[in-house]
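Encoded as structure tokens, the structure appears first; notes follow it.
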Amino acid sequence: MGNCMSPVNHSRPNSPVTAPASAALNEPTSSSATNQTGPTGLGDPNQRRTDRKGKDRASSTEDRPVGRLHSRKRSSMSGSSVLYNLRRYATTPNPTANLPPSLLLLSSPNAIAIFDAYPKAKYHFLVMPRHPFPPQSDPESRSSITSLESLEDLKSVLMKCSREVREEVLTAMANMAREVEEMIRDEMLKTEGFEWKIDVGFHAIPSMKHIHLHVISDDRIGSGLKKKHHHNSFRPDLGFFVPIMEVQRWIEDDSNMQERVDALSGAERLLHTPLTCHKCDEFMANMPKLKTHLEKHFKEEKEAALKHIAKHGRQRSSDEEIF
DNA sequence: GTTCTAGAAC
DNA sequence: GTTCTAGAAC
């Protein structure tokens, strides 16, 4: 029980979300990615979240007698395990069989993509490397080219992994992020009739263990977006959100790596930046006002895009497809 | 990461 | 009176 609710909530009853075969830059391994054929409705966060929450609760120790001491101990334990949830997913053997489709979007020999539990936009996914992490030359291998500890966050991948390993890890993540982006664009077209921007990047200071890459649509309309620091943490112009393309430039020229890692650690203050719209930079007195404002942006963007499509038969020129 | 809640802002 | 934020607790 609890998971019987269908995650499918869109008009197309059974259109499988299949990854495109067009990932030109992909290594051979990513072609063996397993695509879930289950859920469409990539952007139905609320329902999905309810599902999973129910499941988590069911597996906890809620049936024990209630008592202050016990409940304090229990909740603090489950609280800290939250920090390790991603690591649990990333180390699950055979994710397709062992992780529910309401959680898992994609899996390949060295990476998985999951639904963010508290989405900060209409589409919000996390991509992470699996562990053990097989060498890309031999995706079937059960040995890992790096330790679990070295995959704790971006900083540890940059500082603790060899040049080769960090390149393989980041490439695997980038390739899967590209597949996720394609799936999102498909879904955007199906549900709204147009495509909009998607951001791909890391948080400078993540709050859960195991390195994860955010793939998030730039509408920023999501049930999980409640605080100023949520919004600031995804602004590509502030510095707390680090686009993957920037990290890839870093590893091409790793001469300043220590400096860059130090800058990551100092990024906390950026979360306290005054609340302004990430699209037009207008000051927002509070979160409810921002939310209303973002809805307006989205509505206007959609209207403009649909008008443009009606007139020209397509949404945009190819030179805009650069992210 | 989220939830809870006291006190500020309205 | 209600809404909202930010910090403590989990």
Side-chain angles (χ1 to χ4, degrees), chain A residues 45-62 64 66-92 99-100 102-105 112-121 123-129 151-156 199 201-216 220-235 238 240-242 264-265 267-278 282-295:
Chain A
N46 284 319
Q47 214 173 40
R48 206 176 299 281
R49 183 188 160 216
T50 312
D51 263 17
R52 193 158 49 255
K53 204 170 177 187
K55 186 174 186 285
D56 286 347
R57 290 246 169 94
S59 64
S60 77
T61 50
E62 283 306 305
R64 285 217 211 132
V66 182
R68 245 172 232 161
L69 292 176
H70 286 125
S71 76
R72 171 174 294 193
K73 194 173 180 188
R74 259 207 320 278
S75 44
S76 84
M77 282 168 72
S78 70
S80 75
S81 90
V82 164
L83 302 180
Y84 290 90
N85 275 349
L86 299 184
R87 182 174 274 182
R88 249 183 34 228
Y89 304 146
T91 54
T92 299
L99 298 176
S102 57
L103 174 71
L104 183 71
L105 179 72
I112 60 172
I114 64 166
F115 288 84
D116 189 290
Y118 300 92
K120 309 294 190 291
Y123 300 96
H124 187 182
F125 298 91
L126 303 180
V127 170
M128 53 197 141
L151 296 178
E152 180 166 312
D153 55 23
L154 178 58
K155 183 175 169 181
S156 65
D199 293 308
F202 298 94
H203 277 162
I205 304 171
S207 39
M208 287 184 291
K209 306 288 185 184
H210 205 74
I211 182 172
H212 53 284
L213 179 63
H214 293 269
V215 181
I216 181 171
R220 303 296 161 30
I221 298 171
S223 56
L225 192 91
K226 294 178 174 170
K227 302 284 191 174
K228 178 171 82 169
H229 73 256
H230 291 150
H231 187 250
N232 281 339
S233 74
F234 287 105
R235 289 190 63 144
L238 272 191
F240 191 90
F241 185 84
V242 187
L264 290 181
S265 310
E268 204 271 343
R269 64 185 174 84
L270 299 170
L271 297 177
H272 300 104
T273 306
L275 187 64
T276 68
C277 171
H278 66 291
E282 188 181 327
F283 175 76
M284 296 287 133
N286 54 46
M287 288 302 289
K289 282 179 179 140
L290 175 69
K291 281 172 170 275
T292 309
H293 179 88
L294 291 176
E295 296 277 1

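Every chain is numbered from 1, with letters handed out A, B, ... down the list of sequences.
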A:K289 vs C:dT3: side-chain N/O to OP1/OP2 distance below 4.0 Å
no
Please report, rounded to the nearest Å, how far the P atom of B:dG1 is from the CZ atom of A:F202.
15 Å
Over how many whole Å does the gap from A:Y84 atom OH to B:dG1 atom C1' extend?
13 Å
Expressed in angstrom and rounded to an integer, what is the separation of A:I216 atom CD1 from B:dG1 atom P?
11 Å
Nearest-0.5 Å distance, CG of residue A:N286 to CG of residue A:L275
8.0 Å
For A:M287 and B:dT3, give me the distance from atom CE to atom C1', rounded to whole Å.
16 Å
Nearest-Å distance for atom pair CD/P, residues A:E268 and B:dG1:
11 Å
Starting from P on B:dG1, measure out to CD on A:E152 and report it in whole angstrom.
15 Å
What residues, two or more places apart in sequence or in another chain, satisfy salt bridge (Lys or Arg N to Asp or Glu O under 4.0 Å) together with A:R87?
A:E152
Taking any heavy-atom pair under 4.0 Å as a contact, classify A:K209: base, sugar-phosphate, or nothing.
nothing
Give one of base, sugar-phosphate or nothing for A:H230, where a contact means two heavy atoms less than 4.0 Å apart.
sugar-phosphate
Using a cut-off of 4.0 Å between protein heavy atoms and nucleotide atoms, how would you tag nucleotides 5-10 of chain B 5' to 3' with B, S and -?
------
Residues forming a ring-ring contact (aromatic ring centres under 6.0 Å, His included) with A:H230, sequence neighbours excluded:
none
Looking at every strand, decide which applies to A:H203 at a 4.0 Å heavy-atom threshold: base, sugar-phosphate, or nothing.
sugar-phosphate
Nearest-Å distance for atom pair CG/C1', residues A:D116 and B:dT2
12 Å
Residues forming a ring-ring contact (aromatic ring centres under 6.0 Å, His included) with A:H203, sequence neighbours excluded:
A:H214, A:F234, A:F240
Of the listed nucleotides C:dC4, B:dT3, B:dT2, the one nearest the side chain of A:K226:
B:dT3
Residues 283-292 of chain A vs salt bridge (charged side-chain N to carboxylate O under 4.0 Å, His left out), sequence neighbours excluded, gives none
Could you tell me whether a side-chain N or O of A:R235 sits under 3.5 Å from a main-chain N or O of A:T276, the two making a donor and an acceptor?
yes
By ring-ring contact (aromatic ring centres under 6.0 Å, His included), A:F202 pairs with (sequence neighbours left out) none
Using a heavy-atom cut-off of under 4.0 Å over every strand shown, decide if A:P206 touches base, sugar-phosphate, or nothing.
nothing
